[in-house]
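The structure appears right after this line, and notes come after that.
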Amino acid sequence: MRVVVDFDLCESNAICMAVAPEVFEVRDDDFLYVLDDHPDESLRDKVEEAVRRCPKQAISIEED
Amino acid sequence: MRTIVVVGASLAGVRAAATLRAKGFDGRLVLVGDEQHEPYDRPPLSKQFLAGEWDAGRVTLPDATPASLDVERHRGTRAVTLDVADRRVDLDDGEQIRFDGLVVATGATPRRLPSQPELPGVHVLRTLDDALALRADLERTPGRVVVVGAGFIGAEVAATCRGRGLPVTLVEALPLPLARVLGETVGRVVAAVHSDHGVDLRLGVGVEGFVGTGRVEGLRLGDGTSVRADVVVVGIGVAPTTGWLEGSGLRLADGVVCDPSCVAADGIVAAGDVARWAHPRYGSIRVEHWENAIAQGEHAAARLLAGSGPGEPFSPVPWFWSDQYDRKLQAVGRPSAGDEVVVVDGSLAERRFVALYGRDGVVQGAVGMNRPSAVVRWRDRLAEPVGWDEAVAGATPGRRG
Ligand SMILES: Cc1cc2nc3c(=O)[nH]c(=O)nc-3n(C[C@H](O)[C@H](O)[C@H](O)COP(=O)(O)OP(=O)(O)OC[C@H]3O[C@@H](n4cnc5c(N)ncnc54)[C@H](O)[C@@H]3O)c2cc1C
Ligand code: SF4
């Protein structure tokens with residue numbers, strides 16, 4: 001899976017980071033960084049939860 | 001279970017329905033909602049949608065389409081009666097549905113002022129229809145906007161209307177904006193942010209009455225003054241939508257009263273703004289936040305499928321955000337007005353900070369302005385009780401993250 005964030009939509013509220021800190025990090029500059037855009041399958045549940053929790057619908061998963 | 005009925009086709013109800021399917025429920029799933037629109041998202045209604053940046057198509061909820069969920073959808077249909085003993089919901093189109101499981105997700109309804117007339121130009125903001133009407137009115141009558149109530153919705157509407165270049169008066173009965181939830185320290189910062197953006201703040205004053213006959217022309221305030229108004233938005237909070245449950249046999253007390261696992265009665269769960277449940281740490285609470293509606297919708301659906309027995313408690317650390325101008329307020333936990341408040345990160349003067357809220361020697365919550373990652377880290381920490389002294393000592397004021 002590939003994690004894609006639409007940075008035009010993202011408002012850096014860090015909810016995804018709360019759900020999946022292995023994949024998402026909002027740093028002190030208030031920008032979101034995707035730490036791992038090809039996370040291991042074991043993280044799929046967490047990433048899917050982050051997709052649902054993002055208030056801006058900014059995260060999507062593409063299958064590769 | 002053969003039939004599950006979900007009443008309320010919005011955030012909590014749609015998440016509950018999707019979760020029921022995701023967890024393998026393959027019986028009859030009925031989704032009843034009294035709005036005509038496809039399920040949509042409310043937070044943009046006071047922000048991007050009201051600003052005119054987004055159109056109505058952008059606020060639709062993802063995964064809400066009946067086809068993907070295989071639900072029997074009753075749109076524009078109100079549930080009027082619940083009979084707990086008979087396990088039956090009656091709809092306003094005359095249909096009666098017997099159920100094995102029920103999810104109550106009817107959300108909340110705006111409160112109105114005792115003196116509030118049905119007068120053109122006077123608005124509340126809860127639904128997409130409300131937002132369409134308000135936005136059209138602002139476009140047709142771009143004059144002075146008076147917002148009554150400086151809670152989150154009122155403060156956001158004031159900010160968005162300033163963004164539209166309209167003159168705004170914000171009337172609040174309490175001495176400061178957001179003071180009921182966030183107390184004075186943060187309330188003062190929010191007040192300063194609004195006055196810097198040119199909002200005419202009338203604090204500590206109530207509304208006596210409305211002026212105007214064919215259309216609203218102004219408001220009379222409790223201090224004897226009046227304000228002229230072309231458009232009035234009343235944002236004085238919401239009440240859980242439980243009217244249809246009176247006499248049903250469910251216990252109602254500012255919400256549908258549930259056990260720690262969101263069960264209101266055998267085979268009946270509640271979620272979202274309408275649900276009051278016994279949170280293992282915070283006691284009996286009801287949470288009116290976006291993320292809670294999702295998480296509780298998911299929890300309640302799973303709980304329903306789990307059947308009898310005590311069930312897993314629903315024990316989140318509540319989280320919400322509010323956007324006003326370029327400031328992003330976020331709060332976690334249960335901060336309240338009477339708490340001791342200490343800034344542990346950034347500063348009030350910069351309007352970029354994290355403030356901790358403490359009571360009884362324990363951190364109750366954290367509130368941040370433009371510090372999203374720090375707030376989320378506090379949310380993590382607050383999953384377990386954190387001692388006040390330890391928290392304040394460990395975080396030096398002024399330190400940056
Ligand atoms: C303008 C606005 C801005 C917001 N901004 C934020 C924000 O920035 N951050 C945040 O955390 N939260 C925000 N919120 C709060 C958030 O939107 C709510 O917490 C969330 O919508 C609650 O979802 P819910 O499904 O419980 O209830 P609701 O969204 O209220 O949905 C309940 C649904 O049930 C329907 N219904 C009611 N009674 C019946 C009946 N008898 N029969 C059939 N249908 C019925 C209603 O019409 C409605 O469609 C905002 C809310 C508004 C209105
Ligand atoms: S949850 Fe969504 S909006 Fe928030 S930081 Fe993550 S991607 Fe951005």
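Throughout, protein chains are lettered first and strands after them, A, B, ... in sequence-line order, and every chain is numbered starting at 1.
- Looking at every heavy atom in both residues, Arg58(B) comes nearest to Leu9(A) through NH2-CD2, 3.3 Å.
- Both the backbone and the side chain of Glu11(A) have a heavy atom closer than 4.5 Å to some heavy atom of chain B.
- When all heavy atoms of Arg371(B) and Asp28(A) are compared, the closest pair comes out as NH1-OD1, 3.2 Å.
- Within 6.0 Å of OH in Tyr33(A) there are more than 12 heavy atoms belonging to other residues, nucleotides or ligands.
- Residues Ala14(A) and Pro372(B) come closest through the heavy atom pair CB-O, 3.9 Å.
- For CD of Glu41(A), the number of neighbouring non-hydrogen atoms (other residues, nucleotides, ligands) closer than 6.0 Å is greater than 12.
- Ranked by non-hydrogen atom pairs under 4.5 Å with chain A, the options Val376(B), Asp323(B), Asp380(B) are led by Val376(B).
- Residue Pro21(A): no heavy atom, backbone or side chain, is found under 4.5 Å from chain B.
- Listed here is the closest heavy atom pair of Ile15(A) and Arg379(B): CD1-NH1, 3.6 Å.
- Arg52(A) and Trp290(B) make their closest contact through O-CH2, 4.2 Å (heavy atoms, listed as atom of the first residue, atom of the second, distance).
- In this structure, CG on Asn13(A) lies 9.5 Å from CD on Glu291(B), to the nearest 0.5 angstrom.
- Residue Cys16(A) does not touch chain B at all, counting heavy-atom pairs closer than 4.5 Å.
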